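Reading through the structure tokens given below for one structure.
Worth knowing before you read on, the calculation uses all heavy atoms, side chains too, and leaves out hydrogens, waters and symmetry mates. What you see is a predicted model; the values in this text were computed from it and never measured. Order of the sequence lines sets the chain letters (A, B, ...), proteins ahead of strands, with each chain counted from 1.
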Amino acid sequence: MPALALVVLTILLFFPQPLRAATPAQLLFYAVDYPPFIIVSPDGSITGKDIETIQAAYAAMDIQVDFATAPWKRILKGMQHGSIVGTSTCSRRPEREPYMLFSEKISEVRQAALSLYSTNTDAIKELRHLNQFSVVTVEGWSLDTQLTNLRIAHARVPSPDDAIRQLVNNRVQIFYSGQQSTLFRANQMGYGGLLKSTPLEDVPIIDYFLCISKHYPDAEKLLRLFNQGLKEIEQNGVLAAILEKYHQ
Amino acid sequence: MTRHSTIKHSIAFRQARIVLLVSVLLGLLSTLTLAFLDLQQERLVANEELDRTLTLHHSSATSAVYNLNTELASSITETLIQHPMIYEASVVDDFGDVLASSSRPPAETSWYISKEEERVIHHPLPVSFNPDGTHSGTLKIKIDTSFQAKSLATRIERSLMVGSAYTFILVIVFLLLFHHYLSQPILNITDWVRTLDESASSTQLPYSAKDELGFLVSSISSLWNERSEATDQLKLSLQELARSERFSRSLMEHAGDALFLCKPDGRILQANHKATESLKYPLDQLTGRYLSDFSQSMPHTELLEHLSQSSRDTTYTYEDTQQDLHRHAFPIEANCIRISMDGEDYILIIARDITQRKESEKKIFELAYFDPLTQLPNRRLFLDRLKASINLLQQHERYGALLYLDLDRFKTINDSLGHGVGDELLRSIGRRLTNELPESTTIARFGGDEFAVLLPEIGEGVIELAAEYAAQLAQTIIDTLSVPYDISEHRLYCTVSIGITVFNGKKRNSLEVLRCADTALYRAKAAGRNIYQFYEPQMQTTAQMRLSIEKGLHQAVENGELELYYQPQFNRSRQITSAEVLIRWHHPERGMIPPLEFIPIAEESGQILQIGQWVLEQTFQQLAQWHHSTLPNSFRQLAINISPIQFMQIDFVEQILTLLKQYQLPGNLIELEITETLLLNNIEVASNKMQQLRKHGVRFAIDDFGTGYSSLRYLKYLPLDILKIDRSFVSSLSSTAEDKAIIEAIIAMARHLKLAVVAEGVELESELNQLIEMGCDLFQGYYFSKPINQHQFTQLLTSHSHATKLPV
């Protein structure tokens, strides 16, 4: 019996492990509150359309995924340094290419000029027309860069909630942000009937992806597993159920 | 001393200077200590303040780092550098990147503030955002230490300035206080002390406070009063002492004698005027030298011996002869007394010039001991010397002689020609005696026409010789004085009678000796004057006989009064082997005189040389005749006695060799008999001569062997052939066992040394037989033949010559 046990132990130790078993069983992604894609509750729990999609996709690959919040700049810098695995709901941009891997599209968003219903936004057709208004956006977002590049004067706040509060309090006229997420958040904050969205013709729809730091260990593999899991939940109807849940 | 110097050396100034130094040092020390403590406190406060400042910004800085908010971070750093101690601040995120940084120029440094090493505080800002753990950003500030140092330096500067001012004021205050309360009172006291000697003791005191100075002043005052009386007393004593010293010095200088104050080792410390006058040396050349340096003959050790005998109680006196600078000598009498001063010993020598006294003493001595007419010793001195001579002879067992002279018929000359002529005659006689007699003799005039002559040591221990010498001298005196005197146009004839006594000091004292000579003198006077007479009758005979022999020997050789005799020697076979040559003197008046009577006299008078030479020539001549005619076969040699004086003649060897050649004789026919005494005294010379003659065959015999020292050493080293046993041993052969043993020993020894032995004095047949029995081979004596003359010996040789003649 001892001899048999020794042989079994040797086999267990030296035989190659299956691919799935080599990947981490649990991953922690960081995200910022960006309803409805990412919804951070006051109690700290994080849900949302993209959150659940990612968790379901990875769950299909037997990987548990958790989410935590952090400032957007910190998330990006952490990915640059490879200290965090990645984030959800991020757009693809050239400056992110050097350190990010982008998954298959998981959602999309339309950028719009959000304002109070009382604000006359008839003059706003294109993004440049925001110059005529006091604008705010969330610091560090790509929108911030976009406005800066277009030399549109704007204020920066740390979070969308701050921006919504500034709108409601008439501190600013326009909050340049994602249409869906802002209205979802305003509803949650009790300002559901106060805000309107003015579309911008020259601003394209932005696709959102799961972004993984290139410097994180086995990044390529994690990306591949996600794409594989996403395909699997598309096929088995899990994804459709999630989308349905948030369209309501 | 100048005023400036006075102030500089004042107590107040010195005290103030000390206060200044101490204050400065203590001030510096306290300032440095305070500065150090202040610095520590400053650092502590600064650190606490920095901690508070950093804590104040901790939260916002942490937020800035967490949110990577560069604006907020920049705001924080800008705020921080407003703080005077912070000149650079930066916020670094947990990724190591600088979020914001602000700085300003640090405070300027100066020569006394060096910039410290850069001081940086890293304040951690913990950031927690992932499950891997807590990361930290950092709030970094650089501290402007120059600011701290500048602040501290400013405080130190102020502290030093205040301290310096304080010290200066303190010193001034102390200077004034010291001057007022210490220096000025002391100066006053000093002036007061200076004037003490000039003023009366009732001078008002310069300081009356009840403190230390007051006590000092009162002590000085009371002490001064006490000492003042003592000083007055001392002055009086000193004056007395000076007077006494002058008195002593005056005494010393005016002393009639030379005074020397010396150390016990004789070194002169002080001398008076008389000393310099008598020695003619200046004082500085006397002091430091030894007193013995000025003595003519006294060694330093002898002087020290004299000085050591001086004492404090009594004066010790000695005499010496000093010599002055010009080598003039003069006698002194030195009185020494030992003096102690201050625990040291000195010796005072009082040297008195006793030249006059000595001359007087000499005159007295001469008057007492010398005859003023002839300058010869008088009776008293003569008796002293006689006494001394007797004492000396008692120790040495020798002989002396006293000759008592009395002029014959002097009274007639004195009476007829006057005392002047008589006195001159006496002086002439004194001069002749002095000139004629040996120096060792004492010639004295006893007064009138009596003289005495002392011969202190004569005769070499033999009384006969002494008598002969005395007789010879007496005869000389008679002959000398009998030569006519030419005095005051008068030719004077004077004869002298002499009484002689010979003494050895055993029995008689000086007066007895003198009386004996006087007795002998009267005997001479009675016997007809102009002669000498011995006190001892037999000595008269002996002396006359010896003189007669000595006188006769001079003529004996010339007159043919000497004749050779031969005593033959025989062997055991009674064959004649040799003969000893003996000498006989046919005195024209006394008949035959045996050699024992005249040979010793001849040896003492030196006539033995002439006689010895005559003997040698006669013997060689006779032997040459016999050698060519009648010598028997058994005959070996002719033995000739050689006197030591003759043997030691420088040309003795040459004489023998000349004779051998002259008479054509082989050396081995000659046997020279010498005595042990000769060998003992001159063994080296004797050995040399014997060796030379031995080369020519001459034989040597020791005569009278056994009676002298009989040193065996020369028997080994000298070329000897024959030992002649003395007749005294042979004649007592039958009666004394010891003599027999001696003869046996001599024979045994001679046999071992290969020497022949001749027994002398064989007179009996029994002696012959005993000698033969003991191993003796050759004999000489009356038993065989008495000494016979040449004619008889020739006959004896002829009678033995029936044997084969010796080859020529």
Side-chain angles (χ1 to χ4, degrees), chain A residues 24-33 38 40 44 46 63-88 95-96 98-99 136-141 144-145 148 154-163 211-213 215-218, chain B residues 53-82 86 88-103 120-142:
Chain A
Q26 191 171 5
L27 291 172
L28 178 64
F29 283 84
Y30 285 84
V32 293
D33 187 33
I38 304 165
V40 180
I46 301 169
I63 297 171
Q64 183 188 334
V65 170
D66 295 321
F67 278 89
T69 59
W72 180 241
K73 277 188 178 179
R74 172 161 291 277
I75 292 168
L76 294 181
K77 195 158 190 176
M79 289 176 72
Q80 283 175 341
H81 285 85
S83 59
I84 61 176
V85 61
T87 189
S88 171
E95 69 269 18
R96 293 175 180 171
Y99 61 95
V136 70
T137 189
V138 176
E139 186 180 10
W141 282 3
D144 182 14
T145 311
T148 302
H154 63 282
R156 297 181 184 84
V157 292
S159 65
D161 289 3
D162 293 329
C211 298
I212 294 173
S213 170
H215 305 299
Y216 197 80
D218 298 326
Chain B
T53 304
L54 290 172
T55 306
L56 196 67
H57 290 88
H58 177 79
S59 151
S60 55
T62 305
S63 172
V65 169
Y66 182 71
N67 292 307
L68 299 177
N69 187 340
T70 55
E71 287 176 2
L72 180 57
S74 182
S75 164
I76 292 167
T77 56
E78 284 296 330
T79 306
L80 283 174
I81 62 170
Q82 298 307 311
I86 301 169
E88 189 176 316
S90 57
V91 177
V92 181
D93 64 19
D94 53 325
F95 298 100
D97 296 327
V98 176
L99 284 181
S101 177
S102 302
S103 64
V120 181
I121 295 178
H122 295 268
H123 185 80
L125 304 169
V127 178
S128 176
F129 78 97
N130 69 35
D132 293 344
T134 301
H135 293 258
S136 279
T138 308
L139 177 57
K140 191 167 83 175
I141 56 171
K142 290 186 179 177

Please list, chain by chain and in numerical order, all residues satisfying salt bridge (Lys or Arg N to Asp or Glu O under 4.0 Å) with Asp66(A), sequence neighbours excluded.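 So Asp66(A) forms no salt bridge (Lys or Arg N to Asp or Glu O under 4.0 Å) with any residue.
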For Tyr99(A), what residues pass the ring pair (Phe, Tyr, Trp, His ring centres under 6.0 Å) criterion, not counting sequence neighbours?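 Per chain and number, Tyr99(A) pairs via ring pair (Phe, Tyr, Trp, His ring centres under 6.0 Å) with no residue.
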Between Lys77(A) and Asp93(B), is any pair of side-chain heavy atoms under 4.5 Å apart?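 Heavy-atom side-chain distance check passes, below 4.5 Å.
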Work out which heavy atom in Ala70(A) is nearest to a heavy atom in Tyr66(B); give both atom names and the distance. CA-OH, 3.9 Å
Looking at Ser83(A) and Phe95(B), what are the two nearest heavy atoms and their distance? OG-CE2, 3.8 Å
Salt-bridge contact Arg74(A)-Asp94(B) (side-chain N to carboxylate O under 4.0 Å):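 Salt bridge flag = yes for Asp94(B) with Arg74(A).
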